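For reference, the structure discussed in these notes is given below.
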Amino acid sequence: MHNSRKRCKWLNRNRQMLLDLYKNQYIAYNTNGIIAHSENLREVLALANAAKQPFLIYLVPRRTASIEIYQFASAPLLVMICNQILA
């Protein structure tokens, strides 16, 4: 399975935990788990880049609702930014 699919599956499997612990924060994660988290995107990117692992970025919504996922690829970094859509 392609790594980006594995990372998306990780996000789906851990969505409730993320909502419980990291509301309104950016998280950098991969299939091994969370690399960094903060409300400050630049801080998360700096910490995640320092880890020298592939990662995705996800903005954990403040509350549950539908979300729309946008995927942007820029070698070697694959970034996913998720924006909450208010119902």
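Only a predicted model underlies this, so the values are computations on that prediction, with no experimental measurement involved.
- Here R15 contributes atom CZ and Y58 contributes atom OH; the two are 4.5 Å apart, rounded to the nearest 0.5 Å.
- Between N24 and E39, the closest heavy-atom pair is O-CG, 3.3 Å.
- Residues A28 and A48 share a closest heavy-atom pair of CB-CB, 3.5 Å.
- Of all non-hydrogen atoms in V44 and I27, the two that sit nearest each other are CG1-C, 4.1 Å.
- Here Y22 contributes atom OH and N14 contributes atom CG; the two are 10.0 Å apart, rounded to the nearest 0.5 Å.
- Atom NE2 of H37 sits about 12.0 Å away from atom CD1 of I35, to the nearest 0.5 Å.
- The shortest distance between side-chain heavy atoms of W10 and Y29 falls below 4.5 Å.
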Discussion item. Working note: V60 + L21, criterion side chain to side chain contact (heavy atoms under 4.5 Å, CB included); need CA distance, chi angles, decisive distance, verdict.
Written reply: CA-CA 9 Å; V60 181; L21 299 176; over 6 Å; no

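- Under a hydrophobic-cluster definition in which Ile, Leu, Val, Met, Phe, Trp and Tyr are linked whenever side-chain heavy atoms come within less than 4.5 Å, directly or via other members, L47 and I34 are assigned to different clusters.
- Atom NZ in K6 sits 13.5 Å away from atom CG in L56 (nearest 0.5 Å).
- The shortest side-chain heavy-atom distance between Y26 and N40 does not fall under the 4.5 Å cut-off.
- Looking only at side-chain heavy atoms (C-beta outward), Q53 and N32 come within less than 4.5 Å of each other.
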